[in-house]
Amino acid sequence: MPKLDIIHNSVKNALIKDGWSITDDPYVIQYRRTTLYADLGAERPIAAERDGQKLVVEVKSFIGASKIQDLKEALGQYDIYRYLLEETAPDRKLYIAISKVVHNTFFIQDVAQLILNKHQLPIIVVDIETEELRNG
């Protein structure tokens with residue numbers, strides 16, 4: 001299994017605080033003879049606000065030497081996981097989780113916004129200090 005991202009536990013705690021139940025840590029994606037591991041699986045209870053919604057969350061810290069390279073890798077990983085989830089768990093929506101700091105310093109830049117909008121990448125922004133979900 002892959003090594004946990006440095007913000008993994010903060011993202012997990014933020015999801016729990018927001019009413020999500022963590023169902024898988026990691027979330028195993030099994031397609032025929034291939035096994036991949038996304039960071040988290042989560043769902044809302046049926047009676048909750050987002051009626052029975054199920055997520056798969058891939059956590060990314062963007063701490064590499066190049067943020068663009070980190071984004072390229074995240075997009076590639078997102079696409080692979082999304083294609084496999086469409087086949088194996090079509091009821092789950094895939095998200096990339098990032099820190100509020102990364103969102104406010106890199107994801108607001110023009111080039112990142114263009115790529116995110118064109119790719120329609122769903123992101124979850126987490127305030128790592130308070131371990132709460134943020135709107136950005």
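- Considering every non-hydrogen atom in both A42 and R92, the closest pair reads O-NH1, 3.4 Å.
- Looking at E58, its side chain does come within 3.5 Å of a backbone N or O of D39 through a donor-acceptor pair.
- Every residue two or more places apart in sequence or in another chain was checked for a salt bridge (charged side-chain N to carboxylate O under 4.0 Å, His left out) with E131, and none qualifies.
- Residues L94 and I80 are members of one and the same hydrophobic cluster, defined by side-chain heavy-atom contacts under 4.5 angstrom among Ile, Leu, Val, Met, Phe, Trp and Tyr.
- Of the inter-residue distances, the one linking E86 atom CD with Y31 atom OH reads 11.0 Å to the nearest 0.5 angstrom.
- Note on I124 and L4: separate hydrophobic clusters, where clusters join Ile, Leu, Val, Met, Phe, Trp and Tyr whose side-chain heavy atoms are under 4.5 Å apart, directly or indirectly.
- No donor-acceptor distance shorter than 3.5 angstrom exists from the side chain of S61 to the backbone of I7, with no hydrogens or angles considered.
- Contact record, I29 with A38: CD1-CB, 4.2 Å, taken as the closest heavy-atom pair.
- Residue pairs meeting the side chain to side chain donor-acceptor pair (under 3.5 Å) criterion with at least one member in residues 109-119, sequence neighbours excluded, are D79-H119.
- Annotation for K12 and D25: closest pair NZ-OD2, 2.8 Å, computed over non-hydrogen atoms.
- Partners of T35 by side chain to side chain contact (heavy atoms under 4.5 Å, CB included), not counting sequence neighbours, listed by chain and number: V28, Q30, Y37.
- Going from atom CD of E132 over to atom CG of N13 covers 11.0 Å, rounded to the nearest 0.5 Å.
- Minimum interatomic distance between A89 and Y27 (heavy atoms only, all atoms of both residues): CB-OH, 3.4 Å.
- For the pair Y81/V56, no side-chain contact is recorded, criterion being any heavy-atom separation below 4.5 Å from C-beta on.
- The line from CD of E73 to NZ of K60 is 7.5 Å long, rounded to the nearest 0.5 Å.
- Cluster annotation: I98 and V111 are assigned to the same hydrophobic cluster (Ile/Leu/Val/Met/Phe/Trp/Tyr, side-chain heavy-atom contacts under 4.5 Å, transitive).
- By the 30° and 60° cut-offs, the orientation of the rings of F62 relative to F106 is tilted.
- Nearest approach of I63 to D70, heavy atoms of both residues: N-OD2, 3.4 Å.
- Between H103 atom NE2 and D127 atom CG the span is 12.5 Å, to the nearest 0.5 Å.
- Between L75 and L121 there is a side-chain heavy-atom pair separated by less than 4.5 Å.
- The structure places CG of L85 at 9.5 Å from CG of D91, a figure rounded to the nearest 0.5 Å.
- Hydrophobic clustering, with ILVMFWY side chains joined whenever heavy atoms are under 4.5 angstrom apart, keeps L116 apart from I108.
- The distance from the NZ atom of K72 to the NZ atom of K67 is 15.0 Å, given to the nearest 0.5 Å.
- Side chain of D18 to backbone of A14: no donor-acceptor contact under 3.5 angstrom is found.
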**OP:** Start with the C-alpha distance between I128 and V101, add both sets of side-chain angles, then the distance that settles side chain to side chain contact (heavy atoms under 4.5 Å, CB included), and finish with yes or no.
**Re:** CA-CA 8 Å; I128 300 307; V101 171; over 6 Å; no
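- Between W20 and Q53, the closest side-chain pair of non-hydrogen atoms falls below 4.5 Å.
- Scanning all heavy atoms of the two residues, the minimum distance from V57 to V11 falls at CG1-CG1, 4.3 Å.
- Proximity of V126 to L133: side-chain heavy atoms (C-beta onward) are separated by under 4.5 Å at one or more points.
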